Amino acid sequence: MKINDFTDIDSWKEARLLVSEIYNLTSGEKFKKDYGLKDQIQRAAVSIMSNIAEGFDSGSTKSFINFLRYSYRSSSEVESLLYLALDLKYIKEDEFTPILERIKKIKSLLGGFIRYLKSIE
């Protein structure tokens with residue numbers, strides 16, 4: 001499949017879904033009162049999809065790879081914060097698990113895309 005726009009990138013599509021899930025999750029009573037954590041996890045989730053988009057239009061494969069790495073790191077940040085939300089009992093295990101699976105999918109897609117881009121660099 002040819003990628004004509006960042007919206008064609010599978011990891012961006014998954015990150016877009018993740019952002020919606022994170023915003024829904026953080027609207028819960030306990031979570032929304034922790035402004036710092038709520039803000040941080042939302043911003044990190046948005047950063048995943050934003051860096052993919054920005055990197056796509058960065059002008060070089062090397063630069064794009066760097067932006068994809070930022071996205072990967074933001075995915076790890078969201079994952080870590082999600083564990084914190086679980087530990088603080090802001091979310092339940094049944095809310096945690098599907099979002100964790102999406103994060104792992106995003107990281108896998110990003111890792112594969114980075115490897116592919118490095119191979120054609």
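For reference, positions follow the sequence shown, starting with 1. Remember, predicted model here, so these are calculated numbers, not experimental data.
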[X]: what forms a side-chain hydrogen bond (donor to acceptor under 3.5 Å, both in side chains) with it, not counting sequence neighbours?
{"X": "Ser108", "answer": "none"}
{"X": "Asn24", "answer": "none"}
{"X": "Glu95", "answer": "none"}

Check: Restricting to pairs with a member in residues 3-44, which pass ring pair (Phe, Tyr, Trp, His ring centres under 6.0 Å), not counting sequence neighbours?
Finding: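 Sorted pair list: Phe6-Trp12, Phe31-Tyr90.
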Note to self: Just verifying a value: how many Å separate Ile103 CD1 and Lys105 NZ, rounded to the nearest 0.5 Å?
What the structure shows: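 The NZ atom of Lys105 is 13.5 Å from CD1 of Ile103, to the nearest 0.5 Å.
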Margin query: Can you tell me how far apart NZ (Lys13) and CD1 (Ile52) are? Round to the nearest 0.5 Å.
Written below: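 Answer rounded to 0.5 Å: 12.0 Å.
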Notebook entry, point to check: Going by heavy atoms in the side chains, are Ile91 and Leu82 under 4.5 Å from each other?
Noted result: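 The answer is yes; the side chains approach within 4.5 Å.
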Check: Does Arg102 CZ have over 12 foreign heavy atoms under 6.0 Å away?
Finding: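 Enclosed: over 12 neighbouring heavy atoms sit under 6.0 Å from CZ of Arg102.
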Margin query: What verdict does the ring pair (Phe, Tyr, Trp, His ring centres under 6.0 Å) test give for Tyr72 and Phe113, after you've listed the backbone C-alpha separation in whole Å, the side-chain angles of each residue and the deciding distance to 0.1 Å?
Written below: CA-CA 11 Å; Tyr72 192 97; Phe113 198 23; over 10 Å; no
Notebook entry, point to check: So, Thr26 versus Lys32: side-chain donor-acceptor pair below 3.5 Å or not?
Noted result: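 Their side chains do not contain a donor-acceptor pair, so the 3.5 Å distance test is not met.
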Margin query: Could you work out, with ring-ring contact (aromatic ring centres under 6.0 Å, His included) as the rule, every residue matching Tyr83, not counting sequence neighbours?
Written below: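 Only Phe96 meet the ring-ring contact (aromatic ring centres under 6.0 Å, His included) criterion with Tyr83.
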Item checked: Hydrophobic cluster of Phe67, others only, ordered by chain and residue number, side-chain cut-off 4.5 Å ->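 In the cluster with Phe67 are Tyr70.
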